Number of protein chains: 2
Amino acid sequence: METLRDRKRAATRHSIRRAATLLGLQHGYENVTVDMICDASMVSARTFFNYFGSKEGVYISSPKPTPNQTQVKAFVEGTGSSVFGDLFSMIAEKIVDNDADLEYFRERHQLIQQTPELLNREKARISETEDVFVGYVMDRFRFRGRSEKETPDLMDEARMVVSLVFGAMRYTMQKWATSNFADTREDLVLGASRLIQRITKNEHWP
Amino acid sequence: METLRDRKRAATRHSIRRAATLLGLQHGYENVTVDMICDASMVSARTFFNYFGSKEGVYISSPKPTPNQTQVKAFVEGTGSSVFGDLFSMIAEKIVDNDADLEYFRERHQLIQQTPELLNREKARISETEDVFVGYVMDRFRFRGRSEKETPDLMDEARMVVSLVFGAMRYTMQKWATSNFADTREDLVLGASRLIQRITKNEHWP
DNA sequence: CTGAAAATTTGCAGAGTATGCACAAATTGT
DNA sequence: ACAATTTGTGCATACTCTGCAAATTTTCAG
């Protein structure tokens, strides 16, 4: 059950985030100090750090929920013909389906886009989770009877697949932002896979 | 001509870098302070920041030289059948052919690998240059008669190609490090392209 | 060789980020 | 209402980083 405490915490958290984002948009990330954010959101500096740990923390997206057991199982044991498509789809679902405050989401996105430092952090944060997905892909490979006995660099292949999908993901996020976050997950998956197909098909390898 | 001043600068730079790396390996990145590095390399803290701008700066690889005009022209107007292969090759050349101090290179690499924060920074630094290469790929597309008239999302395709290649690059760097930096550029290109082929060929798109 | 010019290094003051700790205030469950 | 628990704050302190001016070192022309 959601207690008063929980609601207050959420409110404080959001209030600080919003103040920080607005100040960032107004003065530029570099020129915003933690004190300014604290003044605007009426908490002590100590509380700010209790909540976000660092100045940057307030701007960076909170950790994305990793896929749950059901989704992972569906991916690993799924009969889909494309690792790319299936993996992309699973990841997209977690990123797209946030029913959060769209206005705040856009403001934050705009600020991040126009602040190279934050943009890089955001990118880094995203690829941090790559390893988890490499694990899933390996599981899927094994489920389909492939093993490291038969293909010594199976892990590399998995890594590569994840790399490619995360590349596609970056491209897609860009596109999604341009569309003002209007596209559905199906749109995104379709767009990304169409493009990947075109690229891989066009290539003639020596 | 190389003056005494230049040599001293280089020596100081290297001395600070080495001290920093050794201390990092010994105490862990988090526990190394700028003062410790300065004590060990006998410069003032102010000088440290004159050279590297930030504590992190001393650990992050110095900006990789972008390909020169000749290499770019060769890529843009080249007759190679694979954008992937050609682009990968061009980038690999710039990264591989550093004739720097191998011992220091390995120490730094080890430290970065075992320090998540530095690893992410390094990744971020690498992808920062993506935009430049997107430009080259676009030039190559246009040189071959493709235009945004005919393919509205040509730029997206270019971005995607670069994403994929940088993904391959990450994979390759990993592999290269494992081989203790012994492989030649040809080895790397071959290995990466073989893997990409396997992956793209294996896929059956719906 | 010498002295002025230019580049480099340094010390210092100060702003900003971040952490630990103890205490005050608010909330919860009884 | 009250004891326990959680949350917020003040304070001291460490560390990163910048601007500025003075001190030092290197360069180079005469």
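Given the structure is predicted, the values throughout are model-derived calculations rather than measurements. Residue numbers begin at 1 in each chain, while the letters A, B, ... track the order of the sequences.
- Annotation: cation-pi geometry satisfied between A:Arg146 and A:Phe141 (NZ/CZ under 6.0 angstrom from ring centroid, within 45° of ring axis).
- Using a 4.0 Å cut-off between charged side-chain N and carboxylate O, A:Glu107 and A:Arg18 make a salt bridge.
- Qualifying salt bridge (charged side-chain N to carboxylate O under 4.0 Å, His left out) partners for B:Asp139, counting only residues two or more places apart in sequence or in other chains: B:Arg142.
- Between the side chain of A:Asp86 and the backbone N or O of A:Val83 there is no donor-acceptor pair closer than 3.5 Å.
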Enumerate donor-acceptor pairs with a distance under 3.5 Å from any side-chain N or O in residues 22-40 of chain B to protein atoms, sequence neighbours excluded.
unit_1, atom_1, unit_2, atom_2, d
B:Asn31, ND2, B:His27, O, 2.8
B:Thr33, OG1, B:Asp35, N, 3.4
B:Thr33, OG1, B:Met36, N, 3.2

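- We find the CE-CG distance between A:Met169 and A:Leu188 to be 8.5 Å, quoted to the nearest 0.5 Å.
- Both tests do not hold together for A:Arg17 against A:Tyr51: distance to the six-membered ring centre under 6.0 Å, angle to the ring axis within 45°.
- Using a 4.0 Å cutoff to heavy atoms of chain A, the contacted part of DNA chain C runs 5' to 3' from C:dG16 to C:dT28.
- Annotation: the span from B:Asn50 atom CG to B:Thr12 atom OG1 amounts to 11.5 Å, rounded to 0.5 Å.
- A salt bridge between B:Arg159 and B:Glu130 is absent, with no side-chain N of the basic residue lying under 4.0 Å from a carboxylate O of the acidic one.
- Computed from coordinates, the A:Phe48 CZ to D:dT7 C1' distance equals 17 Å when rounded to whole Å.
- For A:Phe166 and A:Phe133, the gap between ring centers is short of 6.0 Å.
- Annotation: proximity of residues 21-46 of chain B to DNA chain D (heavy atom, distance under 4.0 Å) is found for B:Val32, B:Thr33, B:Val34, B:Arg46, numbered in ascending order.
- Contact check of residues 49-60 of chain A against DNA chain D (heavy atom, cut-off under 4.0 Å) returns A:Asn50, A:Tyr51.
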Restricting to nitrogen or oxygen on both sides, can you table the protein-nucleotides 27-30 of chain D pairs closer than 3.5 Å?
unit_1, atom_1, unit_2, atom_2, d
D:dT27, OP1, B:Thr3, OG1, 3.2
D:dT27, OP1, B:Leu4, N, 2.9
D:dT27, OP1, B:Arg5, N, 2.9

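- Figure legend: A:Arg108 and A:Tyr59 shown without cation-pi pairing, the cationic atom not lying both under 6.0 angstrom from the six-membered ring centre and within 45 degrees of its axis.
- Between the CD atom of A:Glu122 and the OG1 atom of A:Thr115 there is a distance of 11.5 Å, given to the nearest 0.5 Å.
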